[in-house]
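All chains are named by letter (A, B, ...) in the order of the sequence lines, taking the proteins before the strands, and each is independently numbered beginning at 1. Hydrogens, waters and symmetry mates are skipped; everything else that's a heavy atom, side chains included, is used.
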Amino acid sequence: QSVLTQPPSASGTPGQRVAISCSGSTSNIGSNLVYWYQQLPGRAPKLLIHRNNQRPSGVPDRFSGSKSGTSASLAISGLRSEDEADYYCVAWDDIVTGAVFGGGTRLAVL
Amino acid sequence: EVQLVQSGGGLVKPGGSLTLSCAASGFTFSYAWMNWVRQGPGKGLEWVGRIKTEADGGKTNYAAPVKGRFTISRDDSMKTLYLQMNNLNTEDTAVYYCTTDPFIGALDIWGQGTLVSVS
């Protein structure tokens, strides 16, 4: 069981907006930065969002991140078929003094 | 080319040891905090540990399941990161990735992954 809680699956149709939640606690999301990764099948993960809501260079502005209290969210607007992937949130946890990942959310584009 | 190239995976018996290497090129390795992340068969990502730069004291942190068994080290002169794994058990079976820590400048570089099978 992961320290950060994500829904195991999400889905949407092309063009829609979907949001993936990531719930934690005061020791991780509540007091540290949140990062989001996308992992395409058979590939290494790719950083989508850093420092809660910042997009690295090259990441489309269809992807956005937010954080409030002990929860974070990744939103994908204008959904495209190539967005089908697994998405993970991660944050540092001050109690375990280590990074903790969410269990991952598999996004299907129907 | 900016890349991390991993080596050293394979099949090992329970209780055995293995060392993974991760060679960096195309960026200033000595400035990067480095992580090891693993992914068991059909499972999600699991953070293994991190090493900071020598300038930040070279401090290491480990996930609870590997603490005391795994050791992360770096050789900045060789631009190489290492993961020494001792007393391996079947639950350590996974693809292991080395990666830069995005805390420093959103640097996002991943190795190709290397399979460690404990059986």
Side-chain angles (χ1 to χ4, degrees), chain A residues 1-10 20 22 24 27-28 31-59 63 65 72 85-107, chain B residues 2-6 9 20 22 24 27 32-52 56-57 59-70 72 83 91 94-115:
Chain A
Q1 189 166 350
S2 303
V3 173
L4 302 184
T5 301
Q6 297 180 235
S9 64
I20 297 171
C22 176
S27 65
N28 41 66
S31 51
N32 292 294
L33 300 169
V34 178
Y35 300 79
W36 288 91
Y37 288 89
Q38 176 194 60
Q39 187 177 32
L40 297 170
R43 304 287 298 274
K46 169 190 170 184
L47 182 67
L48 281 183
I49 297 291
H50 68 105
R51 295 183 176 264
N52 302 329
N53 55 18
Q54 303 299 303
R55 278 187 312 278
S57 173
V59 173
F63 295 91
D86 293 328
Y87 292 85
Y88 295 90
C89 57
V90 59
W92 189 260
D93 189 290
D94 293 332
I95 291 179
V96 302
T97 57
V100 289
F101 276 96
T105 298
R106 178 152 295 179
L107 175 65
Chain B
V2 175
Q3 61 180 354
L4 293 169
V5 178
Q6 298 181 226
L20 306 183
C22 171
F27 68 100
W33 293 4
M34 298 296 297
N35 290 288
W36 287 97
V37 173
R38 68 185 182 183
Q39 188 166 33
K43 295 186 177 179
L45 301 175
E46 179 185 18
W47 179 79
V48 172
R50 180 187 73 184
I51 186 167
K52 292 185 175 181
D56 289 323
K59 182 176 171 56
T60 54
N61 293 91
Y62 298 94
V66 309
K67 199 167 188 177
R69 300 188 297 124
F70 289 14
I72 298 173
L83 177 65
E91 295 184 351
V95 172
Y96 285 72
Y97 294 99
C98 59
T99 178
T100 52
D101 193 304
F103 183 77
I104 306 295
L107 194 59
D108 183 41
I109 308 168
W110 290 72
Q112 80 274 22
T114 188
L115 178 61

TODO: Check whether B:V37 gets within reach of chain A through its side chain, its backbone, both or neither, counting any heavy atom under 4.5 Å.
DONE: side chain
TODO: Name the region of A:L47, side chain, backbone, both or neither, that has any atom closer than 4.5 Å to a heavy atom of chain B.
DONE: both
Open item on the list: For A:Q39, which atoms come within 4.5 Å of any heavy atom of chain B: side chain, backbone, both, or neither?
Closed with: side chain
Task: Region of B:A106 that comes under 4.5 Å of a non-hydrogen atom in chain A - done: both
TODO: Kindly indicate whether a cation-pi arrangement holds for A:R51 with B:F103, taking the cut-offs as under 6.0 Å to the six-membered ring centre and within 45° of the axis.
DONE: yes
Task: Most chain A-contacting option - heavy-atom pairs closer than 4.5 Å, from B:G105, B:G44, B:G49 - done: B:G44
Open item on the list: For the CD atom on B:E91, are there more than 12 heavy atoms of other groups (residues, nucleotides or ligands in this structure) within a distance under 6.0 Å?
Closed with: no
Open item on the list: With chain B as the partner, which of A:S57, A:P45, A:G103 has the greatest number of non-hydrogen pairs under 4.5 Å?
Closed with: A:P45
Open item on the list: Using modelled atom types and a 3.5 Å cut-off, is there a donor and acceptor pairing between side-chain atoms of B:Q6 and backbone atoms of B:L20?
Closed with: no
Open item on the list: Suppose we screen for ring pair (Phe, Tyr, Trp, His ring centres under 6.0 Å). Which residues come up paired with A:W92, at least two apart in sequence or across chains?
Closed with: B:W47
Open item on the list: Would you say that more than 12 heavy atoms from the other residues, nucleotides or ligands in this model lie under 6.0 Å from the CZ of A:R106, or not?
Closed with: no
- [ ] Among A:A99, A:G102, A:S2, single out the residue with the greatest number of heavy-atom pairs under 4.5 Å to chain B.
- [x] A:A99
- [ ] Verify whether one side chain among B:N35 and B:T99 offers a donor that lies under 3.5 Å from an acceptor in the other.
- [x] no
TODO: If the plane angle is over 60° it's perpendicular, under 30° parallel, otherwise tilted; pick one for A:H50 and A:Y35.
DONE: parallel
Open item on the list: Between B:L45, B:V48, B:I109, who has the most heavy-atom pairs with chain A when the cutoff is under 4.5 Å?
Closed with: B:L45
TODO: Check each atom of B:Q39 against the heavy atoms of chain A and say whether the ones under 4.5 Å are side chain, backbone, both or neither.
DONE: side chain
